[in-house]
Amino acid sequence: MPAPPLNGAIIEILYGGICGTDLHLQKGRLPIPPVVLGHEGLGRINRLHPSLNTDAKGTQIKSGDIVMWASSISCGHCEACSIEREPTLCDHRKIYGVNRNTATDEPLSGAWADFICLQSGTTIVKIPEGIDKILAMALACAGPTMVHAFQRRPVQLGETVIVQGAGPVGLAAAAMAKLAGARQLILVGAPASRLQLASECGIADVCVDIFGRPIDAALSEIMSYTPNFKGADLVIECTGAPDAVSQGVNLARRGGLSSRRSVHR
Ligand SMILES: [Zn+2]
Ligand SMILES: [Zn+2]
């Protein structure tokens, strides 16, 4: 077991999540070096470097505490970091479980393992006692993804919001949009069981199951739920399906906004 690096920590992994990104890695859609997979994780602090005693929010942390951590560390110097202020688009971003080469980097760098070595600059967050660890893990990637999206374009009170996609990111988008005061949340996706659950949880006012349907009929139905059939104030794409991007543009009202969260190219 290595000693914790300066400003870093050794964490005993309790949970490692499987994310859509892992499936892209598996299918060879993203470059992958020799790596310990797992960029979503939750664990117990095993050892802290003496220089590290608070988490990213300033809360005291110590050995034995339960923590989660952001998967990536941006460089702070490239154009994306320093000029565009988009650290998630950093050219030199180091991501646990994705691009930390075990041959050239600290080998304990993924959450699908017994331990991970968190480096200086990692955003560590202490999980308060009483929080269900599985529920926290459900937001490991989806939570930060949507917090970032809503920082860029917050939901305004009373807006109509369409969320395309009922995966973890889509469900997080729906929940946060409702909490932020969306008047009407239209959740579009599949499977029906997940839409039903979203409805029961109160994070979707209307659900549109698009599975196996002609897309034109589904889009017409979605529009029929928007005020005066004119489209939504905000459309959030969380599907990963390229066709959803153009569909989302057409679901936004004139002057509304269509936001891409899952399709990167
Ligand atoms: Zn992820
Ligand atoms: Zn950078």
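Each ligand, and each atom within it, is numbered from 1 in the order the structure gives. Nothing here was measured: the structure is a model prediction, and the numbers come from that model.
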Does any N, O or S atom in C90 come within less than 2.8 Å of the Zn ion (ligand 2)? yes
So, does R100 use its side chain to make a donor-acceptor pair with the main chain of S109 at under 3.5 Å? no
May I ask you to check whether over 12 heavy atoms, not counting those of L135, lie within 6.0 Å of atom CG? yes
Check whether any side-chain heavy atom of P168 lies under 4.5 Å from a side-chain heavy atom of E40, and answer yes or no. no
Given SG of C75 on one side and SG of C78 on the other, what angle do they make at the Zn ion (ligand 2), to 10°? 110°
Angle, SG of C19 through the Zn ion (ligand 1) to SG of C141 - 10° precision: 130°
Is there an N/O/S atom in C81 that lies less than 2.8 Å from the Zn ion (ligand 2)? yes
Identity of the N, O or S atom of H39 lying closest to the Zn ion (ligand 1): NE2
Distance in Å, S224 OG paired with I186 CD1, rounded so as to fall on 0.5 Å steps: 8.0 Å
What pair of heavy atoms forms the shortest contact from A70 to T122, and how long is it? O-CG2, 3.9 Å
